[in-house]
Visitor: 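This is the structure I want to talk about, given as structure tokens.
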Protein chains: 2
Amino acid sequence: MADIAKAVGVSAMTVSRAFRGDEGVNPQTRARILAKAEELGYVFDATAASLRQNRSGFVAVTVPSINNANFAETVRQLSRGLSRNGLQILLANTEYDPEEEERLIGQLLRRKPEALVLTVGDYTRRTRQMLRATRIPVIEIWDLPAQPIRHVVGFSNTACIGRLVDHLVASGYRDIAFIGGESPRDPRGGQRRRGFVEAMRRHGLDDTRLVPAGTAPVGMAEGAQALGALLDSQPETRAVVCVSDLVAFGVISECQRRGIGIPGDLAVAGFGNYEIGRISVPRLTTIDVHAGSIGSKAADLIVALLRQDSDAAPARIEIQTDLIVRESSA
Amino acid sequence: MADIAKAVGVSAMTVSRAFRGDEGVNPQTRARILAKAEELGYVFDATAASLRQNRSGFVAVTVPSINNANFAETVRQLSRGLSRNGLQILLANTEYDPEEEERLIGQLLRRKPEALVLTVGDYTRRTRQMLRATRIPVIEIWDLPAQPIRHVVGFSNTACIGRLVDHLVASGYRDIAFIGGESPRDPRGGQRRRGFVEAMRRHGLDDTRLVPAGTAPVGMAEGAQALGALLDSQPETRAVVCVSDLVAFGVISECQRRGIGIPGDLAVAGFGNYEIGRISVPRLTTIDVHAGSIGSKAADLIVALLRQDSDAAPARIEIQTDLIVRESSA
DNA sequence: ATGAAAGCGCTAACAG
DNA sequence: CTGTTAGCGCTTTCAT
């Protein structure tokens, strides 16, 4: 910046102002500065600006897995909403591991992010401590925890599964099983499993058909395998709710291999409204959680929180979810 | 840091050394410093350290879409390899848009990353200029461009499709179509389409069965739709190669809806070895590009390049790919 | 519309 | 093993 100042014959301060689009700079001077910067191959140093302004322009985000279409969509929309306001995402993958999450959050905080977005999880003691100590806004997403750290943008995983069960019961199904959600590493899966148990009890039905799907992240292969386990242990089952659409698709494909008709012999429901559920044969009944909307709402919240300097009351933004009934349970 | 220094009764320099695990610090002093830091809720400021050390610890990465299991896996392994060496990823999504890519790269460079990883694309003029001007290592991934910017970690999309065509021809197929790759926004898709045309010519077969799948990113829905178009225009087709497994799955599901047997009536091949191809009925013939390995190899390269201060010769690391023959073409 | 001085929080370099 | 000094590249503040 000093080089440009010297070359153009102004002070560094004027160069700085020119770069930030400050009004009070002579348009001609400004043009000469930008031209010289281009000529010299100058690249603005955001690190120095951050240090001086005490504003990093970063928002730190942790997700359990980036390799998941729904989390990816949340991050995508979050990124969109933030970039419009000059904020950039600093993304970290916890791999569904609370210890790794603790390590990553520690690293992220050193970069002085202006806000921290976390996918709800079972935090370690030290993580909780860091989250309590930090003065930046903390936003938990993808669930509605009973005791949130501070702000929340999410939906009730438990209630969503309840709606699926209600739908199946209303359609006449009684012998219903649930696949997944037993992994201690996936709290959202656990909430869904709990939602299943609660809903079945509410209807006075057998709530013990719980089939494990393995350690998170669980995918299609785990679904296919779990169907085998289900048929072995509970062959009278007539409907199955899965912890995600990916698991449900595994179930569908395994049924096709075994000649089990869906929904004739077995109704299937998933969770998350992934693309596969719209294309599979049969199409999949599921819950649309509007993953993108979680991201954009969180972005809006962050922007609003950063505008006001005073601490706002904890926000609790509930995302609307939709039951989508398709051929797999109709 | 000054506060801690005062509270403990040492200089800021000693605090700094204690934090970086410098050997030459009295273990007792060190312990007292860390305890006091904990007590005061001190968080190290990586921005200030970056500015002073002229090392940001960032590696900038652009991908066309984070919402793609293969790119996500590359980023995941890249992140792993880098974090072991104290480097953090600064990720940006180009959304398959060269203009957006230009904007993002400009933003990323201001953060002074120590290296830049790009998914090969058709760069804008200004992007090329920035890439030429920067002094940090630039690594292109996911293809082997004829004229790389500098370093490359990838594979030949063209050659991979050639292997698929060879396999189909060897299996007796002659009337073969290709779905996808016409989108100007997806250079890798274009390379695959070109690979198809070249391979068909090589075999002296009709190379004009090219079905568009729409603007990138193309997914399952586009595949299902393209199958309809293919049957309308080229009903004598006996095998189809798709630009990705997702498109291929769309084809498979649409065939199932229409009662078209795979591979009896139509053989299908995909690209990328996504999870779906291992679970679908029938299982999908495809090319495994080892997406994760692209990431880990790129990480290794970056670490090696940063260790040496001198400019190394451009690296060209070719990733091994595998033809996986499954039921859809057997 | 522009400039001079000071300083953000850390660490390189040197000294002891 | 510890301390002092200076400065990374920018921007705040105050002055003109």
Side-chain angles (χ1 to χ4, degrees), chain A residues 1-34 36-37 40-58 86 88 106-114 134-136 309, chain B residues 1-34 36-37 40-58 86 88 106-114 134-136 309:
Chain A
M1 208 173 241
D3 294 348
I4 298 173
K6 199 172 294 176
V8 176
V10 294
S11 74
M13 209 42 242
T14 302
V15 177
S16 171
R17 284 195 259 257
F19 261 92
R20 285 180 303 159
D22 193 316
E23 290 302 309
V25 176
N26 187 313
Q28 307 217 353
T29 314
R30 187 186 143 81
R32 280 167 53 223
I33 288 170
L34 296 183
K36 185 57 80 176
L40 297 181
Y42 166 78
V43 178
F44 182 90
D45 189 330
T47 306
S50 291
L51 179 62
R52 180 62 236 234
Q53 299 190 91
N54 199 23
R55 288 195 50 232
S56 67
F58 283 130
Q88 195 166 0
Q107 290 299 317
L108 291 170
L109 289 176
R110 297 174 134 221
R111 297 287 183 178
K112 305 294 172 184
E114 300 184 33
T134 186
R135 305 172 56 84
I136 61 175
D309 35 24
Chain B
M1 211 174 240
D3 295 348
I4 298 173
K6 198 172 297 177
V8 177
V10 295
S11 74
M13 205 48 236
T14 302
V15 178
S16 170
R17 283 195 261 256
F19 260 91
R20 285 181 299 160
D22 192 318
E23 290 301 311
V25 176
N26 186 315
Q28 307 216 353
T29 314
R30 186 187 143 80
R32 280 168 53 224
I33 289 171
L34 296 183
K36 185 55 83 175
L40 297 181
Y42 166 77
V43 179
F44 183 90
D45 189 331
T47 306
S50 291
L51 179 62
R52 178 63 236 233
Q53 298 186 298
N54 200 23
R55 288 195 51 232
S56 67
F58 283 131
Q88 194 166 1
Q107 290 299 318
L108 291 170
L109 289 176
R110 297 174 133 219
R111 297 287 184 179
K112 306 294 171 184
E114 300 184 35
T134 188
R135 305 172 59 84
I136 61 175
D309 36 24

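Numbers restart at 1 for each chain; the letters A, B, ... are given by sequence-line order, proteins then strands.
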Visitor: Below 4.0 angstrom from OP1 or OP2 of D:dT2, is there any side-chain N or O of B:T29?
Guide: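 Yes, within the criterion.
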Visitor: Taking only the side-chain heavy atoms of B:Q53 (C-beta and beyond), determine which of C:dA12, D:dT12, C:dG9 contains the nearest atom.
Guide: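 Taking heavy atoms from C-beta onward, the closest nucleotide is C:dA12.
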Visitor: Grab the CD-P distance between A:Q28 and C:dT2 for me, whole Å please.
Guide: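 Result: 10 Å.
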Visitor: What nucleotide, of D:dG9, D:dT11, C:dT11, holds the atom closest to the side chain of B:F44?
Guide: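 From the listed options, C:dT11 comes nearest.
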Visitor: Looking at B:T29, B:D3, B:I4, which hits side-chain contact (heavy atoms from CB on, under 4.5 Å) with B:V15?
Guide: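 Only one of B:T29, B:D3, B:I4 forms a side-chain contact (heavy atoms from CB on, under 4.5 Å) with B:V15, namely B:I4.
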Visitor: Of all the nucleotides listed (D:dT11, D:dC8, C:dA12), which has the minimum atom distance to the side chain of A:M1?
Guide: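 Between D:dT11, D:dC8, C:dA12, the one nearest the side chain of A:M1 would be D:dT11.
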Visitor: Rounded to the nearest Å, what distance is computed from the NZ atom of residue B:K6 to the P atom of nucleotide D:dG3?
Guide: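 That distance rounds to 14 Å.
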Visitor: Is the shortest side-chain N/O distance from A:R110 to OP1 or OP2 of C:dG9 below 4.0 Å?
Guide: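 Answer is no, no contact under 4.0 Å.
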Visitor: For A:D45, which contact category applies under a 4.0 Å heavy-atom criterion: base, sugar-phosphate, or nothing?
Guide: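 The answer is sugar-phosphate, as A:D45 gets under 4.0 Å only of primed atoms, P, OP1 or OP2.
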Visitor: Can you measure B:N54 atom CG to C:dC10 atom P for me and round it to whole angstrom units?
Guide: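 Checked: the CG to P distance equals 18 Å.
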Visitor: Apply side-chain contact (heavy atoms from CB on, under 4.5 Å) to the pair A:F44 and B:L109, showing each step before the final yes or no.
Guide: CA-CA 8 Å; A:F44 182 90; B:L109 289 176; over 6 Å; no
Visitor: Please give, in whole Å, the distance from D:dC8 C1' to B:K112 NZ?
Guide: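 Checked: the NZ to C1' distance equals 12 Å.
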Visitor: When we call it a touch if two heavy atoms are under 4.0 Å apart, what does B:F19 touch: a base, just sugar-phosphate, or nothing?
Guide: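 It contacts nothing in the nucleic acid.
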Visitor: What's B:R17 touching, base or sugar-phosphate or nothing? Going by heavy atoms closer than 4.0 Å.
Guide: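 The answer is base, as B:R17 lies within the cut-off (heavy atoms under 4.0 Å) of a base atom.
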Visitor: What's the CZ-C1' distance between A:R55 and D:dT11, to the nearest Å?
Guide: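 A:R55 atom CZ is separated from D:dT11 atom C1' by 13 Å.
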Visitor: Applying side-chain contact (heavy atoms from CB on, under 4.5 Å), run through B:M1 and B:S16 and close with a yes or a no.
Guide: CA-CA 8 Å; B:M1 211 174 240; B:S16 170; 4.0 Å; yes
Visitor: Could you check B:R30 against B:A48 and say which one's nearest nucleotide on DNA chain D is further toward the 5' end?
Guide: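 Comparing both residues, the 5'-ward one is B:R30.
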Visitor: Return the value, rounded to whole Å, for the distance between atom CG of A:L51 and atom C1' of D:dC8.
Guide: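 Nearest whole value for this atom pair: 9 Å.
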Visitor: Would a distance-only check, ignoring hydrogens and angles, find a side-chain to backbone donor-acceptor pair under 3.5 Å from A:K112 to A:F58?
Guide: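 No; judged by distance alone, with no hydrogens or angles, the pair does not exist.
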Visitor: Can you measure B:R52 atom CZ to C:dC8 atom C1' for me and round it to whole angstrom units?
Guide: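 Whole-Å distance recorded here is 14 Å.
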Visitor: Is a donor on one side and an acceptor on the other found under 3.5 Å between the side chain of A:R17 and the backbone of A:G24?
Guide: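 Not at all, since once roles are kept as given, no pair shorter than 3.5 Å links the two residues.
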Visitor: On the nucleotide C:dT2, are OP1 or OP2 found under 4.0 Å from the side-chain N or O atoms that A:S11 carries?
Guide: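 Checking A:S11 against C:dT2: no side-chain N or O falls below 4.0 Å of OP1 or OP2.
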Visitor: Measuring from the side chain of A:V25 (C-beta onward, heavy atoms only), which nucleotide among C:dT2, D:dG9, C:dA5 has the closest atom?
Guide: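 Closest nucleotide to the A:V25 side chain: C:dT2.
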Visitor: If I take atom OH in residue B:Y42 and atom P in nucleotide C:dG9, what distance separates them, rounded to the nearest angstrom?
Guide: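 Those two atoms, OH and P, are 10 Å apart.
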Visitor: Quick check on D:dT2: is either OP1 or OP2 less than 4.0 Å from any side-chain nitrogen or oxygen of B:T14?
Guide: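 Negative; the distance criterion is not met.
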Visitor: A:G24 or A:M13: which one's nearest nucleotide on DNA chain C is closer to the 5' end?
Guide: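 Closest to the 5' end, via its nearest nucleotide, is A:G24.
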Visitor: Please check if the side chain of B:R30 supplies one atom and the backbone of B:A18 the other of a donor-acceptor pair under 3.5 Å.
Guide: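 Here the side-chain-to-backbone pair exists.
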